[in-house]
Amino acid sequence: MGKKILILSSYISFMCRYIGFNHLGNVAWDKGEIEGNRNFNQGNYSPYYQAPHNCWEHILIFSKGNPSFDITKMPKIIKEQPITKMVKGKNIYGHTAPFPEKIPSLLFSLITKDEIILDPFAGSMTTGRVALKYGIKSINIELHKYYCDLGLKLLENQLSKNLQGSLF
Ligand SMILES: C[S@@+](CC[C@H](N)C(=O)[O-])C[C@H]1O[C@@H](n2cnc3c(N)ncnc32)[C@H](O)[C@@H]1O
């Protein structure tokens, strides 16, 4: 609707392949009903104005070298409600877009403990927390210090519940 929108998934796929990762697969995350009215109809009820593009997302899976697991065991679609973060107009979670633990769990249930998971857009580090639960090492990269600190705090909380694992 007048703004430039980047086809982010294609761009990320291209970039990752360019730097040497294999693009193994893509799971569609069906988020169910849209949360809030953002991007919906801007107050206009003409069908042309309906733009519910935040009701699903790509989950892109890459490997470095040959994968040790069978990608065909991944579902093509996963239906999962997003995390409820807005309560009475306030974000109680601290991150604008945390994903549910079920998203990274898709992969953790297929791989072995000697694998290392990389989440290059880690946010509140949900991937890292699920990795700790499975006893798998992870590398979590986050651009913003605020989210990085939030992710590390949540990881430390998770670590105190786990008997194994460490942060470095
Ligand atoms: C959709 S959020 C990820 C949320 C995460 N899955 C969670 O559960 O909290 C994407 C994150 O990528 C971060 N980000 C954006 N560009 C980045 C970059 N170039 N390098 C590293 N992180 C980046 C943003 O700050 C944001 O926290």
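When a ligand or atom number is given, it counts from 1 through the structure's own listing order.
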Under a 4.0 Å threshold between the charged nitrogen and the carboxylate oxygen, would [Y] count as salt-bridged to [X]?
{"X": "Glu80", "Y": "Lys31", "result": "no"}
{"X": "Lys153", "Y": "Asp149", "result": "no"}
{"X": "Glu115", "Y": "Lys137", "result": "no"}

In the protein, what heavy atom is nearest to [atom], and what distance, to one decimal place, separates them?
{"atom": "atom 2 (S) of ligand 1", "value": "His95 CE1, 3.5 Å"}
{"atom": "atom 4 (C) of ligand 1", "value": "Ala97 O, 3.2 Å"}
{"atom": "atom 19 (N) of ligand 1", "value": "Phe121 CE2, 4.1 Å"}

So is there a nitrogen or oxygen of [X] less than 3.5 Å from a nitrogen or oxygen in ligand 1?
{"X": "Phe99", "result": "yes"}
{"X": "Asp119", "result": "no"}
{"X": "Leu143", "result": "yes"}

Legend entry - Close-contact set for ligand 1 against Pro120 heavy atoms, below 4.0 Å: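 Matching atoms, with element in brackets: 21 (C), 22 (N).
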If you count the atoms of ligand 1 from 1 in the order shown, which ones are under 4.0 Å from a heavy atom of Thr126?
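Counting from 1, the qualifying ligand atoms are 7 (C), 8 (O), 9 (O).
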Kindly say whether [Y] contributes a backbone atom to a donor-acceptor pair with the side chain of [X] at under 3.5 angstrom?
{"X": "Lys85", "Y": "Pro98", "value": "no"}
{"X": "Ser13", "Y": "Ser9", "value": "no"}
{"X": "Asn140", "Y": "Gly128", "value": "yes"}

Pick whichever of Glu142, Arg129, His144, Lys85 has a heavy atom sitting closest to atom 13 (C) of ligand 1.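 The residue whose heavy atom sits nearest atom 13 (C) of ligand 1 is Glu142.
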Can you tell which of Gly123, Pro100, Ser124 gets a heavy atom nearest to atom 9 (O) of ligand 1?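 The residue whose heavy atom sits nearest atom 9 (O) of ligand 1 is Ser124.
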How does Tyr147 reach ligand 1, by side chain, by backbone, by both or by neither, if only non-hydrogen atoms under 4.0 Å count?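 Looking at Tyr147 and ligand 1, just side chain atoms fall under 4.0 Å.
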Using a 6.0 Å cut-off, check whether atom CD1 of Ile7 has over 12 heavy atoms from anything other than its own residue.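 Result for CD1/Ile7: open.
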Say whether His95 and Ser124, considering side chains only, have a donor N or O and an acceptor N or O under 3.5 Å apart.
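No, no side-chain donor-acceptor contact under 3.5 Å.
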Q. At a 4.0 Å cut-off, with the gap strictly under it, does some heavy atom of Ala122 reach an atom of ligand 1?
A.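 Right, Ala122 reaches ligand 1.
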